[in-house]
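Here the structure is a predicted model, which means the values were calculated and not measured. The figures that follow rest on heavy atoms only: side chains count, while hydrogens, waters and symmetry mates do not.
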Amino acid sequence: MEMEFMTEFPHSYIDRRPKKRARLAWDVAPAQPSAKAQSGICFGQEVENLTSYGPSRISDHASFFDKAMNYKGSPPWREDDKDGHYMFALGDNLTPRYKIHRKIGEGTFGQVLECWDRESKEMVAVKVIRGIKKYREAALIEIDVLQLLGRFDRNGSRCVQIRNWFDYRNHICIVFEMLGPSLYDFLRKNNYRPFPVDLVRELGRQLLECVTFMHDLRLIHTDLKPENILMVSPEYIKVPDFKSTSRFARDGSFYKRLPKSSAIKVIDFGSTAYENQDHNYIVSTRHYRAPEVILGLGWSYPCDIWSIGCILVELCSGEALFQTHENLEHLAMMERVLGPLPHHMLKRADRHAEKYVKRGRLDWPEGATSRESIKAVIKLHRLQNIVMQHVDHSAGDLIDLLKGLLTYDPSCRLTARDALRHPFFTRMQLKRF
């Protein structure tokens with residue numbers, strides 16, 4: 001059954017850069033005795049002298065804040081670490097509402113904490129942004145994107161849902177629904193065993209639906225990767241896996257994990273770009289970066305599609321397709337797996353990437369930095385061979401889909417909507433009926 005995801009939305013609003021929001025200050029640094037009273041915003045209300053030791057005189061709102069701070073006070077003030085990360089102890093509060101249970105993630109943006117929400121009586125995930133200007137600005141953009149997505153995805157079936165946000169001790173804190181592990185974490189804990197092709201199909205369909213939804217809203221995620229795709233549920237089952245020798249089950253058979261539910265949601269919209277922004281800077285995490293980004297040709301919606309192609313290969317093989325940290329080696333790996341890069345793309349490489357091209361072709365292996373780099377490229381297989389090593393059925397349809405997703409020329413690459421119409425997805429739907 002063909003699925004459409006056309007969305008009506010206010011183009012005039014989306015074409016504007018998001019406006020910076022008023023700072024929502026719950027807890028600011030303790031004021032010196034001689035310092036003047038500072039004002040802030042707390043849930044849209046004017047306050048004065050809101051310190052880590054509880055509020056002092058607050059005009060017209062004293063009873064509300066006295067009650068809140070007496071209920072569960074703030075922890076002692078701590079300096080951030082040298083990288084601007086928030087320092088905390090388990091059991092601390094993030095405002096009187098949220099109690100820190102444990103840390104569940106960390107990245108360049110900051111930390112993700114599992115917290116108990118005293119108001120909604122549930123666990124939530126709180127993304128605590130580093131107290132550095134550029135990360136704070138990116139967080140405010142992410143909040144705008146999340147709220148825009150939420151207005152058009154009211155059921156929250158595609159993207160993670162934002163519950164709340166506030167500014168606490170110079171850290172933007174974004175509150176999300178609590179989800180399960182990322183696809184990367186699931187693979188890692190499963191000793192990088194590949195997913196069955198039918199599960200890959202279902203995960204790929206949901207991912208393409210989410211990206212179709214975003215692209216309809218003129219948004220480009222730019223950082224799709226297994227770490228940014230979360231299972232909705234953490235539950236899994238164990239099934240026999242006689243091909244593996246890494247773990248031994250109680251009954252004498254080898255086993256692997258499979259998620260009980262295939263439902264996923266996309267997260268991390270801090271790098272999301274609007275259609276009309278400048279698209280000449282570097283985007284995407286290395287392994288999932290499209291060739292037009294590396295060659296400096298500019299990028300748009302197709303860069304998300306390339307990332308999805310890399311993700312699907314990783315899910316069905318258990319390993320990242322392009323495991324590299326060098327641009328030239330990365331391009332050489334692409335040629336090894338997918339064939340030669342188009343001459344017209346190499347010819348247009350910008351001044352930073354033109355050094356990778358000699359006499360109209362990729363400068364490889366002559367330009368390799370080491371023998372190890374050459375060996376890393378040589379050991380790779382062609383795309384169809386990689387898939388056929390791990391996929392027992394539907395291999396032909398999957399290979400054809402991947403070729404469309406991993407087309408070098410972004411203008412010829414499949415769109416997310418076209419990919420959903422591919423036989424890899426539609427043929428199985430017809431069989432069910």
Side-chain angles (χ1 to χ4, degrees), residues 2-6 201 204-205 207-216 218-225 273 275-277 279-284 286-314 316 321-322 327-328 330-350 353-354 356-357 360-362 364 380-387 395-427:
E2 189 172 296
M3 304 182 68
E4 294 292 334
F5 299 95
M6 292 299 293
R201 187 193 332 273
R205 181 187 61 78
L207 182 53
L208 285 164
E209 286 176 1
C210 176
V211 171
T212 298
F213 170 68
M214 290 191 66
H215 289 184
D216 281 349
R218 297 184 179 179
L219 298 172
I220 310 166
H221 190 283
T222 78
D223 196 21
L224 294 171
K225 55 184 177 179
E275 180 188 46
N276 61 344
Q277 290 178 229
H279 293 167
N280 291 316
Y281 52 94
I282 298 296
V283 293
S284 304
R286 161 66 72 186
H287 298 351
Y288 312 93
R289 187 174 296 159
E292 64 268 23
V293 178
I294 299 173
L295 294 172
L297 306 180
W299 49 267
S300 188
Y301 303 106
C303 77
D304 282 345
I305 304 303
W306 179 277
S307 299
I308 292 174
C310 295
I311 291 168
L312 294 185
V313 174
E314 186 168 347
C316 74
L321 180 57
F322 302 118
N327 283 334
L328 180 57
H330 195 169
L331 294 170
M333 286 182 166
M334 290 180 184
E335 290 201 331
R336 180 74 175 178
V337 173
L338 303 167
L341 283 152
H343 176 73
H344 71 273
M345 290 181 67
L346 294 175
K347 186 177 180 180
R348 290 169 44 231
D350 73 358
E354 62 184 7
Y356 308 132
V357 181
R361 69 173 184 85
L362 199 66
W364 187 269
L380 289 176
H381 301 286
R382 299 288 289 182
L383 178 64
Q384 53 266 37
N385 293 333
I386 294 173
V387 173
D397 284 340
L398 178 55
I399 291 168
D400 188 68
L401 170 65
L402 291 172
K403 286 181 177 179
L405 300 176
L406 297 174
T407 296
Y408 284 129
D409 190 335
S411 65
C412 300
R413 204 171 294 157
L414 284 176
T415 66
R417 189 181 303 281
D418 287 340
L420 284 169
R421 299 189 181 107
H422 190 276
F424 179 67
F425 300 108
T426 60
R427 209 186 302 275

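- For T222, the side chain to side chain contact (heavy atoms under 4.5 Å, CB included) partners two or more places apart in sequence, or in a different chain, are I220, S271, A273, V283, W299.
- With sequence neighbours excluded, no residue satisfies ring pair (Phe, Tyr, Trp, His ring centres under 6.0 Å) with Y408.
- The cationic atom of R201 (NZ for Lys, CZ for Arg) does not lie both less than 6.0 Å from the six-membered ring centre of F425 and within 45° of the ring axis.
- V313 has its side chain within reach of I386: a pair of non-hydrogen atoms, C-beta onward, lies under 4.5 Å apart.
- Taking CE of M334 as the start and CZ of R289 as the end, the distance is 9.5 Å to the nearest 0.5 Å.
- Under the side chain to side chain contact (heavy atoms under 4.5 Å, CB included) criterion, D400 pairs with H422, not counting sequence neighbours.
- For E292, the salt bridge (Lys or Arg N to Asp or Glu O under 4.0 Å) partners are R413, not counting sequence neighbours.
- In this structure the side chain of L401 reaches within 4.5 angstrom of the side chain of L312, judged on heavy atoms.
- Annotation: side chain to side chain contact (heavy atoms under 4.5 Å, CB included) contacts of N385 (sequence neighbours excluded): H381, R382.
- Nearest approach of V293 to C303, heavy atoms of both residues: CG2-CB, 4.5 Å.
- For the pair L362/L328, a side-chain contact is recorded, criterion being any heavy-atom separation below 4.5 Å from C-beta on.
- Taking the side-chain hydrogen bond (donor to acceptor under 3.5 Å, both in side chains) definition, one finds that H279 meets it with nothing, sequence neighbours left out.
- Every residue meeting the side chain to side chain contact (heavy atoms under 4.5 Å, CB included) condition with A416, not counting sequence neighbours, appears here in chain and number order: L208, V211, T212, I305.
- The CD1 atom of I308 sits 6.5 Å away from atom CG of D304, with the distance rounded to the nearest 0.5 Å.
- Scanning both residues, G360 and L346, for their nearest heavy atoms gives O-CD1, 3.9 Å.
- Side-chain atoms of L207 and I311, non-hydrogen and from C-beta on, do get closer than 4.5 Å to each other.
- Residue pairs meeting the side chain to side chain donor-acceptor pair (under 3.5 Å) criterion with at least one partner in residues 332-348, sequence neighbours excluded, are H344-D409.
- A search for ring pair (Phe, Tyr, Trp, His ring centres under 6.0 Å) contacts involving H330 returns F322, not counting sequence neighbours.
- Looking at L341 and R361, their side chains never come closer than 4.5 Å, going by heavy atoms from C-beta outward.
- Scanning for side-chain hydrogen bond (donor to acceptor under 3.5 Å, both in side chains) contacts around H287 gives an empty result, with sequence neighbours left out.
- Note that CG of L295 is 11.5 Å distant from CD of E354, once rounded to the nearest 0.5 Å.
- Side-chain contact between S284 and S307 is present, with heavy atoms from C-beta onward closer than 4.5 Å.
- At least one side-chain heavy atom of L321 sits under 4.5 Å from a side-chain heavy atom of L406.
- Pairing each heavy atom of A332 with each of W364, the nearest pair is CB-CD2, 3.5 Å.
- Once rounded to the nearest 0.5 Å, the distance linking CD of Q277 with OG of S300 reads 11.0 Å.
- For the pair Y301 and M214, the minimum side-chain heavy-atom distance is 4.5 Å or more.
- Legend: residues meeting side-chain hydrogen bond (donor to acceptor under 3.5 Å, both in side chains) with N327, ordered by chain and number and at least two apart, are R286, Y356.
- Note that CD1 of I294 and CG of L331 are 4.5 Å apart. Values are rounded to the nearest 0.5 Å.
- Every side-chain hydrogen bond (donor to acceptor under 3.5 Å, both in side chains) that D418 has, sequence neighbours left out, goes to T415, R421.
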